[in-house]
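Reviewing the structure listed below.
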Amino acid sequence: MNVVRAIIAELVALFVDDWTFAAAVLAWLAVVGLFARTISVPSFWHGIVLFGGLAGILIESVTRRAGTP
Amino acid sequence: MISYWSHIGPTVGASFLASMVEFVEALTVVLAIGTTRGWRSALAGAGIALFVLALLVLALGPALATIPLQPLQLVIGVLLLLFGMRWLRKAILRSAGVIPLHDESAAYAKQTAAMRATPRATTAWDSVAMLGAFKITMLEGIEVVFIVIALGSGGAGLLGSAILGAAAALAVVIALGLALHRPLSRIPENLLKFIVGLLLSAFGTFWTGQGLGIPWTGGDWSIMTLVAGFAFAAGLALVLAHSARRRQRAGEAA
């Protein structure tokens, strides 16, 4: 039973070790999904907006964690 | 249509490097168990786990091929993105000295002490050793299974490439373990995690975009652009993390 519990915990930990970071990534994907369906801009920008937000979330999360004692 | 080199090369590479990281961690614990409690039970535990993991890949891989590609790419893309960006973030924080580096020698010493503290088995098969080896191989191997399935489900022919990368990593780690009989502490684990994080983040972004119906300029070759983009962002994050850490230390000293 302990082995099964450890495997489930490991499965969750595969994707999340900082809940704020994971939630920000998911929220951004939802925003871009909505943006891609509702706002009419050249399709070239969709990929740039998707990547730009993810890069921004990464940089913000790392900088915030590094500045935390 | 998948362009051969833009998908196959990164798939084999990402699968090989990611699996290498996981197998090195499993090898450390299996070595500690084998050295302290005997090889028969340790190798049996690890072997059974590898068999179960191989069955998982063989069962799940072809089953995913029956799901329509676009929703599958969205789900797998999101999971890959969470997985890859988590590794990338951790590797940056370790490089900046914010969190400690993973130390295989320390892990080996800790596991060896734990195994010595447990009473010896009186039967031919040591259940503590067997279960310990099974557990660590399953735990690390589940991550390999996810990576192989995720990378392999992006298109036709990719599952074989992902399996090839993981199998090659397993062969390399087993060969090194047999030759050295000690933890592979010289393997630059954090650098490997950094590179894998870049590759998986790029794949995850690309497939999530595909799943959301976003057309990528440059088609499959956008993956390379995304790798470069994430490398730039990670480099910038590392510089800013160093700077934040210096400011924090200066604040503590004042």
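By convention in this document, chain letters (A, B, ...) are assigned in the order of the sequence lines, proteins followed by strands, and residues within each chain are numbered from 1.
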* With respect to chain B, which residue among Arg37(A), Glu60(A), His46(A) yields the maximal number of heavy-atom pairs within a distance under 4.5 Å? -> His46(A)

Where on [X] is there a heavy atom nearer than 4.5 Å to chain B: the side chain, the backbone, both, or neither?
X        : answer
Ala22(A) : both
Arg64(A) : neither
Ala13(A) : backbone

* Based on non-hydrogen pairs under 4.5 Å, which of Ser201(B), Ala234(B), Ala202(B), Ala233(B) is most in contact with chain A? -> Ala233(B)

* Could you tell me which of Ile214(B), Leu88(B), Ile92(B), Leu74(B) has the largest number of non-hydrogen atom pairs under 4.5 Å with chain A? => Ile214(B)

Say whether, by atom type as modelled, one donor and one acceptor occur between the side chain of [X] and the main chain of [Y] under 3.5 angstrom.
X         : Y         : result
Gln70(B)  : Gln210(B) : yes
Ser153(B) : Ala150(B) : yes
Trp28(A)  : Leu50(A)  : yes

* Pairwise side chain to side chain donor-acceptor pair (under 3.5 Å) hits with a residue in residues 230-245 of chain B, at least two apart -> Ser243(B)-Arg247(B)

What part of [X] gets within 4.5 angstrom of chain A, counting heavy atoms only: side chain, backbone, both, or neither?
X         : result
Thr217(B) : side chain
Ala96(B)  : neither
Ile99(B)  : side chain
Leu240(B) : both

* Salt bridge or not for Asp18(A) and Arg89(B), using N-O below 4.0 Å? -> yes

* To do: Check the side chains of Asn190(B) and Ser95(B) for a donor-acceptor pair under 3.5 angstrom, ignoring hydrogens and angles.
  => yes

* Measure centre to centre between the rings of Phe146(B) and Phe15(A), then say whether the value is under 6.0 Å. => yes

